[in-house]
Q: 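Next up is a structure, given as structure tokens.
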Amino acid sequence: EVQLVESGGGLVQAGGSLRLSCAASGFTFDGYVIGWFRQAPGKEREGVLCMRSSDGVTSYADSVRGRFTISRDNAKNTVYLQMNSLKPEDTAVYYCAVRKGYGGRCSVLTSMTYDYWGQGTQVTVSS
């Protein structure tokens, strides 16, 4: 069974950092696009960043470029979202998602085109 489980969310002050984890089971990330999304109350889900696992090419939303990065630990079958210099507007539920077999620019993929999703983890940034 394919499963993604996020963890690492919490409450942090503005300017602080958090690292979210997305652990996969039932598959490996090879050949997948990995996306991180977020959804704030009353807002639509938005893409934060995405990475092609084949070559590591990553695309970032303008709002997080220079502050957020993605990394991958193959031994643990886990990807991480490192979030630095957090702002109150980063407050949201964060989700990881994967899509199999796509070799183009992942920034053009909408959330609807991803195959599997985690349950989400809450990140709250206080001012």
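Everything numeric here is computed off the predicted structure, so don't read it as measured data.
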Q: Atom SG in Cys106, atom CE in Met51: separation rounded to 0.5 Å?
A: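 Interatomic distance, Cys106 SG to Met51 CE, rounded to 0.5 Å: 9.0 Å.
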Q: Using the rule that Ile, Leu, Val, Met, Phe, Trp and Tyr join whenever any side-chain heavy atoms are under 4.5 Å apart, tell me whether Phe37 and Val33 fall into a single cluster.
A: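 Both belong to a single hydrophobic cluster.
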Q: Verify whether one side chain among Asn84 and Ser17 offers a donor that lies under 3.5 Å from an acceptor in the other.
A: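 Yes, Ser17 and Asn84 have a side-chain donor paired with an acceptor closer than 3.5 Å.
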Q: Can Arg19 be said to sit on top of Tyr80's aromatic six-ring, NZ or CZ under 6.0 Å from centre and within 45° of the ring axis?
A: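 Yes, cation above the ring, under 6.0 Å and within 45°.
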Q: For residues 107-118, run the donor-acceptor check on the side chains, cut-off 3.5 Å, and write out each pair with its distance to 0.1 Å, sequence neighbours left out.
A:
unit_1: Ser107; atom_1: OG; unit_2: Arg105; atom_2: NH2; d: 3.4
unit_1: Thr113; atom_1: OG1; unit_2: Thr110; atom_2: O; d: 2.7
unit_1: Asp115; atom_1: OD2; unit_2: Lys100; atom_2: N; d: 2.8

Q: My understanding is that only residues two or more places apart in sequence, or in another chain, count here; which of them pass side chain to side chain contact (heavy atoms under 4.5 Å, CB included) with Arg67?
A: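 Arg67 satisfies side chain to side chain contact (heavy atoms under 4.5 Å, CB included) with Val64, Ser85, Lys87, Asp90 once adjacent residues are dropped.
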Q: Report the residues that fulfil side chain to side chain contact (heavy atoms under 4.5 Å, CB included) with Ala23, sequence neighbours left out, ordered by chain and then residue number.
A: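 Thr78.
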Q: Got a list of side-chain donor-acceptor pairs under 3.5 Å for residues 4-13, not counting sequence neighbours?
A:
unit_1: Glu6; atom_1: OE1; unit_2: Gln119; atom_2: N; d: 2.8
unit_1: Glu6; atom_1: OE1; unit_2: Gly120; atom_2: N; d: 2.8
unit_1: Glu6; atom_1: OE2; unit_2: Cys96; atom_2: N; d: 2.7
unit_1: Glu6; atom_1: OE2; unit_2: Gly120; atom_2: N; d: 3.4

Q: Where is the tightest heavy-atom contact between Val125 and Thr91, given as atom of each residue plus distance?
A: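 Heavy-atom minimum between the residues: N-OG1, 2.9 Å.
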Q: Is the NZ or CZ atom of Arg72 both under 6.0 Å from the centre of the six-membered ring of Phe29 and within 45° of that ring's axis?
A: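 Not flagged: Arg72 not positioned over aromatic ring of Phe29.
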Q: Look up atom CD in Gln82 and atom OG1 in Thr69, then write down how far apart they are to the nearest 0.5 Å.
A: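 The OG1 atom of Thr69 is 5.5 Å from CD of Gln82, to the nearest 0.5 Å.
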Q: To the closest 0.5 Å, what do you measure between OG (Ser21) and NZ (Lys76)?
A: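 Separation between the atoms: 8.5 Å.
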Q: Mind checking what makes salt bridge (Lys or Arg N to Asp or Glu O under 4.0 Å) contact with Glu46, not counting sequence neighbours?
A: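 Residues passing salt bridge (Lys or Arg N to Asp or Glu O under 4.0 Å) with Glu46: Arg38.
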Q: Using the side-chain contact (heavy atoms from CB on, under 4.5 Å) rule, take Leu86 and Phe68 through it: C-alpha gap first, then chi angles, then the decisive distance, then the call.
A: CA-CA 9 Å; Leu86 283 161; Phe68 290 12; 3.9 Å; yes
Q: Are Val79 and Val98 grouped together when hydrophobic residues (ILVMFWY) are joined by side-chain heavy atoms under 4.5 angstrom apart?
A: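 In one cluster: yes.
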Q: How long is the span from the OH atom in Tyr60 to the CD1 atom in Ile70, to the nearest 0.5 Å?
A: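 So the OH of Tyr60 and the CD1 of Ile70 are separated by 8.0 Å.
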Q: Looking at residues at least two apart in the chain, or sitting in another chain, which of them share a side chain to side chain contact (heavy atoms under 4.5 Å, CB included) with Ser127?
A: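 Here the qualifying residues are Pro88.
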Q: Can you name the closest pair of heavy atoms from Arg52 and Tyr102 and give their distance?
A: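 Closest heavy-atom pair between Arg52 and Tyr102: CD-O, 4.2 Å.
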Q: In this structure, would Met83 and Trp36 fall into the same cluster of hydrophobic residues linked by side-chain contacts under 4.5 Å?
A: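 Same cluster.
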Q: According to a 4.5 Å side-chain heavy-atom criterion applied to Ile, Leu, Val, Met, Phe, Trp and Tyr, with indirect links allowed, do Val93 and Leu20 form part of one hydrophobic cluster?
A: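 No; tracing contacts between hydrophobic side chains, which count when under 4.5 Å, never links both residues.
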